[in-house]
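Worksheet: one structure, shown below.
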Amino acid sequence: MAQNIYDRPEFFAGYSDLRRSLRGLDGAAEWPAVRALLPDLTGKRVVDLGCGFGWFSRFARSQGAASVLALDISEKMIARARADTSDAAVTYEIADLEYLELAEGAFDFAYSSLALHYIENFTGLVAMVQRALLPGSHFVFTIEHPIYMAPSRPDWTSDAEGRRIWPLDRYSVEGARTTDWLAKGVIKQHRKLSTTLNALIGAGFSIRHVEEWSPTKEELRDNPDWTTEMDRPMFLLISAQR
């Protein structure tokens, strides 16, 4: 079973105060880059894996999606998403993505935002998503970049000359990483970039786009505190096609 960290009161309270939680998709730094990867959603049957507060699910409907199945392991997340949604075409369900089973050929588009790095059996999940999509359908997802996830102590240090250094270690040692973020003992699953891409290829997906996100000059001008994102990638964006 995947760790349900989001239902811990201290974690949920901290997460609810994040910019992306308060402002939705527009509060996510990577959203413009993600949106550029999306296909036309008109008439699509969408599955949202790790839907959180339901921001993308509601967006998909606003873009013409026929229906959205939105899944999350967190009861608190699903309760908030249901409270914020008045649309019968969006169905919210509590589900553990580690053991998820979707009907074959049931969807035209699959999406996930910053959820799949919590999943240990990524290869199995990817194979299941491939079966659930019709031929030609896209799977767009974001995860924490493995360079961001790999360190034993994921925090900036400085070298002898005072330059900011990201302390990358154990990159090739895949598996669980336990960190303190909003709460103690948050478990994520580190995988090399090649492992993620090869899992998709092995499941029968074609890789259409890979982006190691960093802010544009315009975004840096408006958000000067994002300069640290130029020194190491935080997010990995992938578009794959069945």
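Heavy atoms only: backbone and side chains are in, while hydrogens, waters and symmetry mates are out.
A chain of hydrophobic side-chain contacts below 4.5 Å, direct or via other Ile, Leu, Val, Met, Phe, Trp or Tyr residues, connects Ile94 to Ile119. Cluster annotation: Met230 and Ile165 are assigned to distinct hydrophobic clusters (Ile/Leu/Val/Met/Phe/Trp/Tyr, side-chain heavy-atom contacts under 4.5 Å, transitive). Criterion: ILVMFWY side-chain heavy atoms under 4.5 Å apart, direct or through other members. Under it, Val47 and Leu134 are not part of a common hydrophobic cluster. By the rule that hydrophobic residues join a cluster once side-chain heavy atoms approach within less than 4.5 Å of another member, Tyr148 and Val210 end up as members of one cluster.
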Determine whether Val34 and Tyr111 satisfy the following criterion, side-chain contact (heavy atoms from CB on, under 4.5 Å), listing intermediate values before the conclusion.
CA-CA 10 Å; Val34 173; Tyr111 177 81; 3.9 Å; yes

Dump the intermediate steps for side-chain hydrogen bond (donor to acceptor under 3.5 Å, both in side chains) on Ser74 and Asp72, then the final yes or no.
CA-CA 5 Å; Ser74 167; Asp72 204 285; 4.5 Å; no

Might you work through the side-chain contact (heavy atoms from CB on, under 4.5 Å) test for Leu200 and Phe139, ending with a clear yes or no?
CA-CA 10 Å; Leu200 290 162; Phe139 178 24; 4.2 Å; yes

Determine, stepwise, if the pair Glu212 / Leu193 fulfils side-chain contact (heavy atoms from CB on, under 4.5 Å).
CA-CA 10 Å; Glu212 298 169 289; Leu193 176 59; 4.1 Å; yes

As a quick check of understanding, evaluate side-chain contact (heavy atoms from CB on, under 4.5 Å) for Phe205 and Val129, giving each step before the final call.
CA-CA 10 Å; Phe205 281 104; Val129 172; 4.2 Å; yes

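Scanning all heavy atoms of the two residues, the minimum distance from Glu174 to Arg177 falls at C-NH1, 4.4 Å. Contact record, Asp225 with Thr228: O-OG1, 4.0 Å, taken as the closest heavy-atom pair. Taking all atoms of both residues into account, the shortest heavy-atom contact from Asn121 to Glu98 is N-OE1, 3.1 Å. Here the closest non-hydrogen pair linking Asp169 and Pro151 is OD1-CA, 3.1 Å. Taking each heavy atom of Lys188 and Met149 in turn, the nearest pair found is CB-CE, 3.4 Å. Minimum heavy-atom separation, Phe141 to Thr196: CZ-CG2, 4.2 Å.
For the pair Arg58 (side chain) and Phe53 (backbone), a donor-acceptor distance under 3.5 Å is present. For the pair His190 (side chain) and Tyr171 (backbone), a donor-acceptor distance under 3.5 Å is present. Not a single donor-acceptor pair under 3.5 Å links the side chain of Glu120 to the backbone N or O of Gln189. Of the possible polar contacts, one joining the Arg82 side chain to the Tyr92 backbone as a donor-acceptor pair under 3.5 Å is found.
Counting only heavy atoms from C-beta outward, the side chains of Trp226 and Ser214 never approach each other to under 4.5 Å. The shortest side-chain heavy-atom distance between Phe56 and Val46 falls under the 4.5 Å cut-off. A heavy-atom distance below 4.5 Å is found between the side chains of Asp231 and Trp156. Proximity of Ile238 to Leu197: side-chain heavy atoms (C-beta onward) are separated by under 4.5 Å at one or more points. Under the 4.5 Å side-chain criterion, counting only non-hydrogen atoms from C-beta, Leu102 is in contact with Met128. Between Met77 and Cys51 the shortest side-chain heavy-atom distance does not fall below 4.5 Å. Using a 4.5 Å heavy-atom threshold, the side chains of Arg232 and Leu168 count as separate. Two residues are said to be in side-chain contact when any heavy atoms from C-beta on lie closer than 4.5 Å; Phe109 and Val140 meet this criterion.
How far CD1 of Ile207 is from CD1 of Ile201: 5.0 Å, rounded to the nearest 0.5 Å. Expressed to the nearest 0.5 Å, how far CZ of Phe235 lies from NE2 of His117 amounts to 9.0 Å. Here CD1 of Ile73 is found 4.0 Å from CG of Asp96. Values are rounded to the nearest 0.5 Å. To the nearest 0.5 Å, atom CZ of residue Arg191 and atom CG of residue Leu236 are 11.0 Å apart. Note that the CD1 atom of Ile78 and the NZ atom of Lys76 stand 13.5 Å from one another [nearest 0.5 Å]. Annotation: the span from Asp222 atom CG to Lys217 atom NZ amounts to 14.5 Å, rounded to 0.5 Å.
In terms of the ring-ring contact (aromatic ring centres under 6.0 Å, His included) criterion, His145 has no residue partners (sequence neighbours excluded). A search for salt bridge (charged side-chain N to carboxylate O under 4.0 Å, His left out) contacts involving Arg45 returns Asp108, not counting sequence neighbours.
The aromatic rings of Trp31 and Phe59 stand perpendicular to each other, their planes meeting at an angle above 60°, with 30° marking the opposite boundary.
With hydrogens and angles left out, the side-chain atoms of Thr85 and Asp87 include no donor and acceptor closer than 3.5 Å. Arg170 and Ser152 share a donor-acceptor pair across their side chains, judged by distance under 3.5 Å alone. For the residue pair Glu30/Thr142, the side-chain donor-acceptor check at 3.5 Å is not satisfied.
Applying the 6.0 Å contact sphere to CD of Glu104 captures no more than 12 heavy atoms from other residues, nucleotides or ligands.
The stretch residues 233-242 participates, sequence neighbours left out, in these side-chain hydrogen bond (donor to acceptor under 3.5 Å, both in side chains) pairs: Arg208-Gln241.
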